[in-house]
Amino acid sequence: MAEKTAKQAPVAIRLTSSRATASRCTENQKKERQSSGGDGEMCFGDEWLDDWEDEAILHQAMDDLDQSLKSNSTSVSDSAKSFSPESDTTEKNSGEVSTTICSCSCEISSVTDSVSATEELNEKGVEVSAGKEIAKEGDCKENICQYCQRTIAKRTVSDVATNSSPTKKAKLDLEEETKKFTMDPLRQFKGKYLWVSDLTAQAWCERQLLYDCTGIEGRPVEILETEAMKVGTEMHLKRELEVHTIKQIAVKTKEDKWAIKFLNILSAVNQLLQGGGGGGASRCVVREMPIFGKPFESGAFVVGKIDEIRYNSRDQLEVVEFKTRTKSRTVPSAAQRKTHKLQVMLYKQLFDEAVCGLLKKETILETIGLDPDASVNDEIAAHALMMDLTLPKFGDYLNAMLECFQFLSKIDSLAVEYSSQDDKEPFAVHEHDFDPVWLKDTLDHYNAFWVGEREVEGVDVEEVWKCKYCNYKEACDWRQKMHEKCLSRKSANKVQMKMTK
DNA sequence: ATTGCTCAAAGG
Ligand code: SF4
């Protein structure tokens, strides 16, 4: 096992672009490097790019990792304290309030309300266009939230620009558009695409996910991050660093961000191709590979990261999802296994579609709104060059990424590996059969919510125990509804019992 | 183009 790890994990250094320390690595990793160096079997191109903005967090994570590797007795919670996606929360709290809705209650609740809000704003015209600055200070002038200001201002301006005296039809169009918008949680809360983790959260409880987006009765909520999640994140990062290095890149444009994803895919595929076929297969492990697409070519565009791809005993590709458990060696509930199953199946679907050429260039460019002619920043270009890729424009990165998939075969098997957060050891592996019909049905149902074709749903009656863990249990309208339904069912039963007597 | 659109997943 130790030997295998050494071979699999030749390098785990973290490069930071702007520091004098070109490379840092932990003591452990140095050892691993030395023991495996020079055997000529290492996968090359195992340096991955990252566009994290907060370098301090990365360094902290690295230091923590040093610490925890040096002495295994160091509790992970200590290091997890310093490494956590704090930047996320602080960002959300200070600047970007964009996904939360303020007390103006302009959300999806009522179509007519928001139409009248539009008209009100219409009269005020362009002045609301400064919405971003206003909202940055966190206040909601005239009971209008940042989100409304932005979107409605946009429409108002274009309406005024194209048609100085709006005809009845134009007005109707606006109403239609507003209606469509207010019934479109995807656009409203997520923007252009969903994360795979959004869909797994939806599989847990859709109502909860929506509360995460809207807050409670207009008051934004802080999305909780439990200790278990922090430790889970930490353990994932550790595993990622076992197989490749991370180089930080400063990015400005969307094209840069996506070019990085594409290059990381190219590295991953490269490694898979080198590791494939016969003897080398068992060695080759790829972690945190970006993946995206429009599953079944319907519904929302989805973006995610595959925990691990390796070769299985049949020498075929296997997707592995790591899950960590707080309570030592307890098998997760059926509800949890369902979200995990969804996750790995979705990864396979996205991966296979890319392999089969079903992931289309135009889909990516259009849904994300990327410019194929944009140039990519020098640092990224330099990295591409290092990988022997000469890619002048962003579109070339995209093409290269799509092409490299053609050399791969589909995912053969799906596994979820459970590890304990106590002893850090894996204790169970669940294999899942791919079930495209179930996957498509599930996604279609979820998608109907995102495009506003159906109302939000909470947990089933059999799963009300989930509410116990939920932050919204006091406020939740779904829980209330289910409660009433139960009561009325009970009384109906009573009536029936009386009648049968 | 005057004004944009996410690092994803962490676990229950
Ligand atoms: S209280 Fe229950 S139904 Fe409501 S959001 Fe929470 S888990 Fe979902």
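By convention in this document, chain letters (A, B, ...) are assigned in the order of the sequence lines, proteins followed by strands, and residues within each chain are numbered from 1.
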Practice task
Please state how far atom CD in Gln343(A) lies from atom C1' in dG12(B), giving the value in whole angstrom units.
Solution key: 14 Å
Exercise for the section: Please determine if a side-chain N or O atom of Lys468(A) lies less than 4.0 Å away from the OP1 or OP2 oxygen of dG12(B). Expected result: no
Practice task
Just call it for Lys466(A): base, sugar-phosphate, or nothing, with non-hydrogen atoms closer than 4.0 Å on any strand.
Solution key: nothing
Exercise for the section: Determine yes or no for a side-chain-to-main-chain donor-acceptor pair under 3.5 angstrom, with Asp256(A) supplying the side chain and Val376(A) the backbone. Expected result: no
Handout entry: Pairs touching residues 363-383 of chain A that satisfy ring pair (Phe, Tyr, Trp, His ring centres under 6.0 Å), sequence neighbours left out
Key = none
Practice task
Rounded off to whole Å, could you give me the CD1-to-C1' distance for the Ile223(A) and dA9(B) pair?
Solution key: 14 Å
Handout entry: Atom-to-atom span, CD of Glu321(A) to C1' of dA9(B) - whole angstrom
Key = 8 Å
Handout entry: Phosphate OP1/OP2 of dG12(B) contacted by Thr226(A) side-chain N/O (<4.0 Å)
Key = no
Practice task
Have a look at Gly232(A) and say if it touches a base, only the backbone sugar-phosphate, or nothing, with a 4.0 Å heavy-atom cut-off.
Solution key: sugar-phosphate
Practice task
Mind calculating the distance between CH2 (Trp204(A)) and C1' (dG11(B)) to the nearest angstrom?
Solution key: 8 Å
Fill in the blank from the handout: Closest to the side chain of Val196(A), out of dA10(B), dA9(B), dG11(B), is dA9(B)
Handout entry: His236(A) vs dA10(B): side-chain N/O to OP1/OP2 distance below 4.0 Å
Key = yes
Practice task
Give a yes/no on whether any side-chain N or O of Ser197(A) is located under 4.0 angstrom from OP1 or OP2 of dA9(B).
Solution key: yes
Fill in the blank from the handout: By nearest-heavy-atom nucleotide on DNA chain B, the more 5' of Val303(A) and Thr339(A) is Val303(A)
Exercise for the section: Please state whether the rings of Tyr418(A) and His340(A) are parallel, tilted or perpendicular, taking 30° and 60° as the class boundaries. Expected result: tilted
Practice task
Answer with base, sugar-phosphate or nothing: what part of the nucleic acid does Ser333(A) contact at a heavy-atom distance below 4.0 Å?
Solution key: nothing
Practice task
Check whether any side-chain nitrogen or oxygen of Lys254(A) sits under 4.0 Å from OP1 or OP2 of dC5(B), and answer yes or no.
Solution key: yes
Handout entry: Tyr193(A) OH - dA9(B) C1' separation (whole Å)
Key = 14 Å
Exercise for the section: Remember a base hit wins even if backbone is also touched, and classify Asp307(A) as base, sugar-phosphate or nothing at under 4.0 Å, heavy atoms. Expected result: sugar-phosphate
Problem - Spacing between Phe322(A) atom CZ and dG11(B) atom C1', to the nearest angstrom - result: 16 Å
Handout entry: Length of the CG-P vector between Leu237(A) and dA10(B), whole Å
Key = 12 Å
Exercise for the section: Examine the base of dG12(B) for any acceptor or donor lying under 3.5 Å from a partner atom in the side chain of Gln208(A), and report the outcome as yes or no. Expected result: yes
Handout entry: From Glu206(A) atom CD to Tyr211(A) atom OH, the distance as rounded to the nearest 0.5 Å
Key = 12.5 Å
Handout entry: Pairing residues for Trp450(A) by the side-chain hydrogen bond (donor to acceptor under 3.5 Å, both in side chains) criterion, not counting sequence neighbours
Key = Gln202(A)
Fill in the blank from the handout: Assert: residue with more 5' nearest nucleotide on DNA chain B, out of Tyr347(A) and Arg325(A), is Tyr347(A)
Practice task
Indicate the ring-plane relationship of Tyr193(A) and Trp258(A), choosing parallel, tilted or perpendicular according to the 30° and 60° boundaries.
Solution key: perpendicular
Problem - Separation between the P atoms of dA1(B) and dC5(B), rounded to whole Å - result: 14 Å
Exercise for the section: Describe the nucleic acid contact of Phe301(A) in one word from base, sugar-phosphate, nothing, applying a heavy-atom distance below 4.0 Å. Expected result: nothing
Handout entry: Thr200(A) side chain near dA9(B) phosphate (N/O to OP1/OP2, under 4.0 Å)
Key = no
Problem - Integer-rounded Å distance: dA10(B) C1' and Lys424(A) NZ - result: 14 Å
Exercise for the section: Tell me which nucleotide among dG11(B), dA9(B), dC5(B) gets nearest to the side chain of Lys305(A). Expected result: dA9(B)
